[in-house]
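Below is one structure, written out as structure tokens; the observations come after it.
Scope of the values below: all heavy atoms of this structure, side chains included, with no hydrogens, waters or symmetry mates. Proteins come first, then strands; the chains are lettered A, B, ... in the order of their sequence lines, and each starts at number 1.
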There are 2 protein chains.
Amino acid sequence: MSDGVPRNGSLFGSSAKGSADLAGHPLVQRLEQLAPLTFEERRALVDAVSVEKEFPRGSEIVKQGSEPTVSCFLLDGFAGQNTYLSGGREQITAIRIPGDFVDLHSFLLAGMDHSIVALSDCRVGLVPHTNLKAITDDHPHLTRVLWLITLIDGAIHRAWVAAIGRRTAEQHLAHLVCELYVRLSRAGLVEGSAFTLPMTQSDMANALGLSSVHVNRVTMELRRNGLISWRHRVMEIPDFEKLADFADFDPTYLNLEGKRLR
Amino acid sequence: MSDGVPRNGSLFGSSAKGSADLAGHPLVQRLEQLAPLTFEERRALVDAVSVEKEFPRGSEIVKQGSEPTVSCFLLDGFAGQNTYLSGGREQITAIRIPGDFVDLHSFLLAGMDHSIVALSDCRVGLVPHTNLKAITDDHPHLTRVLWLITLIDGAIHRAWVAAIGRRTAEQHLAHLVCELYVRLSRAGLVEGSAFTLPMTQSDMANALGLSSVHVNRVTMELRRNGLISWRHRVMEIPDFEKLADFADFDPTYLNLEGKRLR
DNA sequence: CGAGGTCTTGAAGACGATCAACAAACGTGG
DNA sequence: CCACGTTTGTTGATCGTCTTCAAGACCTCG
């Protein structure tokens with residue numbers, strides 16, 4: 001955790017709130033997309049958030065090698081899970097969007113194997129690990145839903161390994177755009193067929209394991225073929241089916257279907 | 001779950017066992033490398049295993065697209081998490097060794113986004129999801145350890161994304177060998193500086209996202225430089241430090257350190 | 001209006017894929 | 001134990017994708 005601006009006064013920070021509000025909390029909304037929660041579970045979840053913090057674009061929200069005692073929930077903005085290698089090489093291993101529990105895994109993992117970097121200005125809710133510990137002691141169902149969140153992260157990683165290993169650069173970019181489109185849809189952040197994508201082509205290159213020059217060329221090729229239009233931080237997808245088809249995109253791994261967890 | 005030979009009579013299958021035995025169960029051993037367990041927790045874990053099954057090399061232990069009601073624990077042999085794409089392309093996203101809880105994630109995930117394929121003859125213990133459900137209802141600490149196992153899997157996936165995206169083929173192969181060396185050491189499967197690796201160069205190619213021809217060339221280059229000798233299913237590492245250095249291998253992600261979870 | 005970041009384009013070269021052929025190892029049955 | 005077929009490993013030649021380096025155009029924001 002580095003140079004963010006501490007902030008209090010979250011709309012949902014206090015325990016003295018009515019029950020109606022709880023369903024509107026971004027954390028509750030996200031988890032209830034996976035499984036319904038009881039009032040007590042919502043309460044426990046909302047109360048687990050301690051403070052909010054803001055991070056300017058480019059800043060490190062969590063540092064590789066550190067051992068955090070809180071986990072971050074992304075309220076606003078895009079962030080990247082960034083692994084730094086020797087020789088200045090870096091690789092983004094996941095893109096985090098509003099509503100994502102960015103580093104829930106740091107609750108149990110010993111040390112951070114990657115950084116969390118703000119890809120745009122970010123607003124983050126902090127959840128102390130002690131609170132997560134309490135939740136796992138008292139709320140088995142809620143624990144399973146939290147666990148599930150990290151399992152979906154794992155599935156996304158697998159999809160990335162397959163994409164980077166066996167798809168062409170063009171297909172890979174298309175696949176990532178499909179993934180973001182579906183996830184942002186779920187988060188209510190797609191308007192029509194377009195969404196705001198604050199990442200630069202160079203950020204994208206770090207996510208795809210390519211050079212920024214090649215991302216540029218591949219982007220232009222996809223534009224030429226009418227699969228995407230990506231300009232001025234706006235990604236537009238004229239025909240999602242066509243793009244998904246080209247990318248060989250199968251959304252199974254995003255776990256949209258759900259499963260009875262209670 | 002396909003054509004395996006069902007088998008009963010596990011040494012630890014019955015509930016009527018003495019307490020001393022439990023610590024020797026491979027499942028217990030694996031979890032206790034991460035955190036100590038109470039007697040009740042060991043009991044619950046061992047009792048969760050229903051039957052054992054065997055799978056010949058090349059067979060599918062779990063099928064992509066299926067919705068398993070049991071999870072598999074690998075007692076013996078090597079298995080690969082294999083993602084199949086269109087056009088016959090395939091990518092291994094993780095290598096499973098004896099002691100690994102191969103598809104624990106299928107407990108909560110809706111459908112399998114990948115297959116589990118036997119890379120050698122395998123012996124597997126089956127754990128019904130209903131039993132895992134019971135564990136998560138009654139044993140918070142044990143639940144956290146199981147969760148942690150899947151989080152380490154996620155960390156391995158991240159390391160693979162970084163390796164495949166930003167390392168040269170030579171470094172990548174070296175990195176994978178380092179990973180296997182460390183994990184097999186923990187499982188007590190390294191003798192001296194060598195271990196049995198039942199995978200073919202072609203399997204390795206599927207894990208590295210390369211062609212088998214190139215894996216062969218890279219292997220020979222590493223041999224020429226004295227970093228590995230890999231022949232007849234035996235991988236030998238004359239100087240692990242040297243190999244780790246070359247591969248830019250940092251074992252943090254394997255979570256060897258541990259953390260207080262109780 | 002100017003400066004720094006981002007995008008675009010070109011040219012050259014490295015890395016890895018593909019195709020093809022052969023050698024070595026393995027396993028299976030006679 | 002050997003013969004034979006199959007799988008796995010090895011090598012060469014050629015091709016394509018993506019990288020690197022370099023320079024210029026375009027934005028955006030102070």
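- Side chains of A:Gln201 and A:Trp230: a donor-acceptor N/O pair is absent below 3.5 angstrom, by distance only.
- Using modelled atom types, one finds no donor on one side chain facing an acceptor on the other under 3.5 Å when comparing B:Thr219 with B:Asn216.
- Within the helix from C:dC1-D:dG30 to C:dG30-D:dC1, the inter-axis angle between the opening and closing five-pair segments is 50°, rounded to 10°.
- Here B:Gly58 lies out of heavy-atom contact (under 4.0 Å) with every strand.
- Residue B:Thr200 is in sugar-phosphate contact alone, with no base atom involved, counting any heavy-atom pair closer than 4.0 Å across all strands shown.
- Under 3.5 Å, the side chains of B:Asp153 and B:Thr150 contain no donor-acceptor pair of N or O atoms.
- Using a 4.0 Å heavy-atom criterion, one finds that A:Val213 contacts the bases of the nucleic acid, with or without backbone contacts as well.
- Taking atom CH2 on A:Trp230 and atom C1' on D:dC26, their separation rounds to 16 Å, with Å as the unit.
- Place A:Arg57 and B:Arg233 on DNA chain C by their nearest nucleotides, and A:Arg57 ends up nearer the 5' end.
- Remark: the B:Arg217 side chain and the D:dG12 base include a donor-acceptor N/O pair separated by less than 3.5 Å.
- One interatomic measurement links the two molecules: CZ of A:Arg89 to C1' of D:dT19, which rounds to 14 Å at whole-angstrom precision.
- Backbone-only engagement by A:Arg223 is indicated by non-hydrogen atom pairs under 4.0 Å involving sugar-phosphate atoms exclusively.
- One interatomic measurement links the two molecules: NE2 of A:His232 to C1' of D:dC29, which rounds to 15 Å at whole-angstrom precision.
- Summarising the geometry, the separation between CZ on A:Arg231 and P on D:dC27 is reported as 9 Å, rounded to the nearest angstrom.
- In this entry the distance linking CE of B:Met204 with C1' of D:dT7 reads 18 Å, nearest Å.
- Note on ring orientation: taking the six-membered ring where Trp is involved, the planes of B:Phe101 and B:Phe73 are perpendicular (angle over 60°, cut-offs 30° and 60°).
- Taking the 5' to 3' direction, DNA chain C first and last meets chain A under 4.0 angstrom from a heavy atom at C:dT6 to C:dA11.
- Spacing between atom CG of A:Leu208 and atom P of D:dT17 amounts to 17 Å, rounded to whole angstrom units.
- Residue B:Glu191 qualifies as open at atom CD: its count of foreign heavy atoms under 6.0 Å is 12 or below.
- The interatomic distance linking B:Asn216 (CG) with D:dA13 (P) rounds to 16 Å, in whole Å.
- Legend: ring-ring contact (aromatic ring centres under 6.0 Å, His included) pairs involving residues 177-206 of chain B, not counting sequence neighbours, sorted by first then second residue: B:Tyr181-B:Phe240.
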